[in-house]
Amino acid sequence: MPELPEVEVVRRGLERWVAGRTVADVEVLHPRAVRRQPGGAAGLVAGLEGRTLQAARRRGKYLWLPTDDGEALLAHLGMSGQLLVQPPDAPDETHLRVRLRFTDGGRELRFVDQRTFGGLSLEPMSGGTEDGVPLPVAHIARDPLDARFDDAAFAAALRRRHTGVKRALLDQSLVSGIGNIYADEALWQVGLHYARPTETLTRAQVARMLAAVRSVMGAALERGGTSFDSLYVNVNGESGYFERSLEVYGRRDLPCSRCGTPIRRDPFMNRSSYSCPRCQPRPRRAHW
DNA sequence: CAGTGGCCCTGTCTGC
DNA sequence: TGCAGACAGGGCCACT
């Protein structure tokens with residue numbers, strides 16, 4: 001389940017191994033992987049072949065590679081997506097969806113995705129050439145690791161909301177890059193229940209929460225960043241180098257490391273929320 | 001408009 | 001043993 005740190009690790013790999021190379025041909029093996037592409041597979045092939053990928057950028061969980069004609073190859077990994085840099089003679093992965101070959105005849109870029117929530121598309125840019133983003137990313141907020149993320153504006157916007165704090169953390173138009181795992185981890189760190197109404201949060205609580213989000217993401221990034229220095233640009237949420245340090249996520253009935261109380265799991269938005277009943281007491285007034 | 005909930009997708013695990 | 005159902009969940013879209 002790639003969240004921001006995992007996506008950033010992939011971005012660094014792409015920057016190193018793919019930027020500067022020219023696409024020779026594109027092979028789409030599953031239509032759903034390009035469902036957002038205008039013109040479908042044919043549209044992607046026509047728009048990408050002959051283009052040079054110039055860099056690798058990211059906002060939240062979106063990744064993109066600007067091309068030399070002012071568009072961008074946009075990628076979202078969804079739940080199970082991987083971008084792999086593989087030798088041409090490596091056997092096809094079981095869930096290989098899209099393959100890019102390059103004019104230098106070197107390693108291919110492969111999009112592999114078991115559950116097909118992710119996808120690739122070629123998109124026009126919105127905004128300036130320097131800090132512009134692909135059009136579908138225009139509504140995505142900056143993420144907490146972005147130097148231009150505005151803490152005060154975030155606190156103000158959050159306190160104007162009328163919803164539960166975890167819902168707000170998962171809303172990518174308010175703040176991006178936070179998924180279910182890191183939301184639970186950050187809320188545990190600061191002792192906030194997921195259904196705490198956003199309008200009751202103080203500025204100081206919001207500041208502590210942002211610090212917790214950055215701490216959780218930064219720690220994951222550090223661990224991921226140390227192990228990616230290879231040709232294998234790989235993100236697999238289940239491979240385990242992040243989950244070893246999780247305090248609440250996936251730890252139902254296991255003791256809270258702070259107080260020993262068994263961690264609870266509640267249904268939340270058709271998924272799960274993990275929290276400590278003692279460190280994160282349910283507020284009298286709760287927002288789902 | 002803001003807030004909420006359903007749906008997409010497939011592999012793994014649990015319980016009857 | 002076999003099978004049905006729960007579960008994983010980001011983002012889009014429809015609905016209130």
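Owing to the predicted nature of the structure, the values given are computational and were not obtained by experimental measurement. Numbers restart at 1 for each chain; the letters A, B, ... are given by sequence-line order, proteins then strands.
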- Is the shortest side-chain N to carboxylate O distance from A:Lys166 to A:Asp184 below 4.0 Å? yes

- Task: Would you tell me if any nitrogen or oxygen in the side chain of A:Ser80 comes within less than 4.0 Å of OP1 or OP2 on B:dT10?
- Result: no

- To the nearest angstrom, how far is A:Arg36 atom CZ from B:dC8 atom C1'? 13 Å

- Item | Interatomic distance where CG belongs to A:Asp253 and C1' belongs to B:dT14 [whole Å] | 15 Å

- Query: Whole-Å distance between B:dT4 C1' and A:Phe268 CZ?
  - Reply: 11 Å

- Note on the structure: In whole angstroms, the gap separating P of C:dG11 from CG of A:Asp143 amounts to 12 Å

- Message: Please tell me if A:Gln114 has a side-chain N or O lying less than 4.0 Å from either OP1 or OP2 of B:dG11.
- Response: no

- Between A:His95 and B:dG11, is there a side-chain N or O to OP1/OP2 distance below 4.0 Å? yes

- Would you state whether a donor and an acceptor, one from the side chain of A:Arg115 and one from the base of C:dA8, lie under 3.5 Å apart? yes

- Within the structure shown, what part of the strands sits under 4.0 Å from A:His30 by heavy-atom distance: base, sugar-phosphate, or nothing? nothing

- Rounded to whole angstroms, how far apart are CZ on A:Arg32 and P on B:dC9? 4 Å

- Message: Taking CZ in A:Arg203 as the centre, count heavy atoms belonging to other residues, nucleotides or ligands within less than 6.0 Å. Is the count above 12?
- Response: no

- Message: Any side-chain N or O of A:Thr163 below 4.0 angstrom from OP1/OP2 of B:dT4?
- Response: yes

- Query: Going by distance alone, is a donor N or O of one side chain under 3.5 Å from an acceptor N or O of the other, for A:Arg264 and A:Ser275?
  - Reply: yes

- Message: So for atom CZ, which belongs to A:Arg278, do other residues, nucleotides or ligands contribute more than 12 heavy atoms lying within a distance under 6.0 Å?
- Response: no

- Note on the structure: Atom NE2 of A:His76 and atom P of B:dC9 are separated, to the nearest Å, by 17 Å

- Please determine if A:Asp25 and A:Arg99 form a salt bridge, counting it only when a charged side-chain N lies under 4.0 Å from a carboxylate O. no

- Task: Rounding to 10 degrees, work out the angle separating the end axes of the helix from B:dA2-C:dT16 to B:dC16-C:dG2 (five pairs an end).
- Result: 60°

- Item | Donor-acceptor pair under 3.5 Å, A:Arg271 side chain vs C:dG10 base | yes

- Atom-pair distance (CE on A:Met269; P on B:dG5), nearest Å: 8 Å

- Query: Hey, are A:Asp143 and A:Arg58 close enough for a salt bridge, meaning a charged N less than 4.0 Å from a carboxylate O?
  - Reply: yes

- Between A:Thr94 and A:Asn270, just flag the one whose closest nucleotide in DNA chain B comes earlier from the 5' side. A:Asn270

- Query: Between C:dC7, C:dG10, B:dG3, which nucleotide gets closest to the side-chain atoms of A:Arg265?
  - Reply: C:dC7

- Message: Testing the 3.5 Å rule here: is there a donor-acceptor pair between the side chains of A:Asp266 and A:Ser273?
- Response: no

- Query: Can you tell me if A:Gln86 and A:Glu93 form a side-chain donor-acceptor pair at under 3.5 Å?
  - Reply: yes

- Message: It should be established whether A:Tyr182 places a side-chain nitrogen or oxygen under 4.0 Å from OP1 or OP2 of nucleotide C:dG10.
- Response: no

- In terms of side-chain heavy atoms of A:Gln172, which of C:dC12, C:dG10, C:dG11 is nearest? C:dG11

- Spacing of A:His162 atom NE2 relative to B:dG3 atom C1', expressed in whole Å: 11 Å

- Is any side-chain nitrogen or oxygen of A:Arg97 closer than 4.0 Å to OP1 or OP2 of B:dT10? no

